[in-house]
Amino acid sequence: MTTSFEPGAPAPEGFIPLCVPRIQGNEWKYIKECLDSNFVSSVGPYVDRFERNVADYLRAKHAIAAVNGTAALHIALLLAGVKPGDEVLIPTLTFIAPVNAIRYVGAWPVFMDAEPDFWQMDPAKVEKFLLQECLWDGSELRNKATGRRIRAIVPVHILGHPTDMDPILEIAHRLNLRVIDDAAEALGAEYKGRKAGHLGDISCLSFNGNKVITTGGGGMIVTDDDALAKRAKYLTTQAKDDPVEYIHKEIGYNYRLTNIQAAMGCAQLEVLDDYVSAKRKIAKSYKNGLEAVNGITLMSEADWAFSSYWLSTILVDESQCRLDSRALRKQLNQKRIQSRPLWQPNHLSLAHLGAQSYEIDVAERLYSRAVSLPSSVSLTENEQDFVVKAIRSASLD
Ligand SMILES: *Cc1c(COP(=O)(O)O)cnc(C)c1O
């Protein structure tokens with residue numbers, strides 16, 4: 001009998017899990033300090049230290065902690081001046097969080113396709129959409145089809161590989177648009193030597209349990225702009241204008257990270273580069289083991305990129321290897337190997353029904369073919385061997 005389970009849920013006993021945290025460093029020590037000092041909530045030395053350490057790691061001026069990555073994105077969109085009724089370009093092939101955040105500010109997503117090589121938002125289609133489907137009046141850009149103002153672009157670096165940012169930044173700034181990069185899956189990755197999470201005007205990170213490093217739950221807003229950084233802190237702490245008299249001029253949010261979570265983050269950040277090395281090694285072993293298999297394509301890395309390989313992912317072309325991605329996942333499940341499809345492209349999601357999408361076909365093909373494989377930092381060589389053999393025998397027989 002096989003056990004089945006939700007892809008997002010922890011793997012049952014005996015399964016090789018998709019991606020689990022590894023907690024082996026100073027986490028116990030730093031969290032104990034929080035407990036001993038009574039600094040358990042959203043004020044405390046570790047929040048400041050975690051923010052400083054993340055900013056330094058990214059070579060950014062400011063990092064502002066948030067309660068999770070989705071909240072960080074919500075604040076980033078407010079900072080970018082996205083208003084109700086505006087539109088924001090976003091890849092359709094992403095976890096839904098940044099798309100939902102666009103709706104939280106009352107704006108509308110416009111879904112863009114993925115490029116076929118590295119599966120990120122396609123800069124050529126973004127440029128074509130902005131130049132052919134929109135009208136520039138010298139200060140604002142309007143979508144001809146909807147009449148709405150386009151305000152921002154949110155590239156999402158999926159699976160640990162960065163988006164080709166330069167063409168996106170170039171056209172965005174030419175047309176007075178803000179760029180917010182969602183690096184929730186790509187901490188540790190680089191684009192032309194620059195760190196993912198510090199590639200846009202504002203960037204966002206997540207420290208959810210399955211990300212490269214975790215604080216249990218957490219996020220970060222990253223920017224070099226002093227005024228935006230100040231405003232990010234203001235909005236995440238209930239927009240207090242006078243903290244003594246409790247005077248507020250704006251609606252704020254309770255989005256601060258706690259000192260306990262930040263303590264965990266400081267410990268995890270110390271091992272981030274080792275974790276990325278481990279993930280890259282895992283990706284290389286999958287490549288060695290699977291690249292000769294007919295019909296299987298491995299996620300690759302652009303020559304301008306350094307990928308964190310957050311989740312090693314393969315494409316299964318059913319016209320070449322007898323089974324499709326879903327059938328492969330079933331077989332892996334029978335062998336007690338946890339795997340995952342990509343996310344339903346958001347232009348097909350009922351949650352975002354009615355939003356515009358532009359020339360999408362690559363994203364749907366990737367969605368139907370992709371399978372993410374066990375990629376925990378703690379994955380052993382034996383376990384990985386077992387996964388490789390399982391895929392080989394599944395697709396060859
Ligand atoms: C995980 C994730 C988020 C959301 O982060 P949370 O901390 O879970 O709110 C946002 N964007 C992407 C691409 C993600 O993978």
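Start at 1 and go down the list; that is how both ligands and their atoms are numbered. The first residue in the sequence is number 1, and the count goes up from there.
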Could you go through the salt bridge (Lys or Arg N to Asp or Glu O under 4.0 Å) check for K195 and E190 one step at a time?
CA-CA 4 Å; K195 296 273 186 200; E190 290 179 16; 3.1 Å; yes
Smallest heavy-atom separation, A262 atom then Y46 atom, equals CB-O, 3.4 Å
Between Y309 and M299 the two heavy atoms that sit nearest each other are CD2-CE, 3.2 Å
Candidates A186, A101, S206, G219; heavy atom nearest atom 7 (O) of ligand 1 found on S206
Short version for D182: what comes under 4.0 Å of ligand 1, heavy atoms counted, is side chain
Worksheet item: So H161 and F118, would you call those rings parallel, tilted or perpendicular, with 30° and 60° as cut-offs?
Response: parallel
Give yes or no for whether the N/O distance cutoff of 3.5 Å, strictly under, is met between T70 and ligand 1. yes
| task | Before accepting this row, confirm whether a basic side-chain N of the pair R142/D137 lies closer than 4.0 Å to the acidic partner's carboxylate O. | result | no
* Judged by non-hydrogen atoms, does K211 sit under 4.0 Å from ligand 1? -> yes
Here the atoms of ligand 1 under 4.0 Å from any heavy atom belonging to V156 are 13 (C)
Checklist entry - A97 to ligand 1: N or O pair under 3.5 Å? => result no
Practice problem: May I ask whether G218 places a heavy atom under 4.0 Å from ligand 1? | Solution: yes
Quick look: P98 vs ligand 1, heavy-atom contacts under 4.0 Å, and the answer is side chain
Ligand 1 atoms nearer than 4.0 angstrom to some heavy atom of N208 are 7 (O), 8 (O)
* Take atom CH2 in W136; do more than 12 heavy atoms of anything else shown fall under 6.0 Å from it? -> yes
Closest to atom 6 (P) of ligand 1 (heavy atoms only, candidates G69, A66, A184, A183) is G69
- Could you check D201 against R178 for salt bridge (Lys or Arg N to Asp or Glu O under 4.0 Å), going step by step and ending with a plain yes or no? CA-CA 6 Å; D201 301 308; R178 298 285 168 276; 5.2 Å; no
Taking only non-hydrogen atoms of N68 and a 4.0 Å limit, the atoms of ligand 1 in range are 7 (O), 9 (O)
Would F50 and F207 count as a close aromatic pair, with their ring centres under 6.0 Å? yes
The closest protein heavy-atom partner of atom 15 (O) of ligand 1 is E185 OE2, 2.6 Å
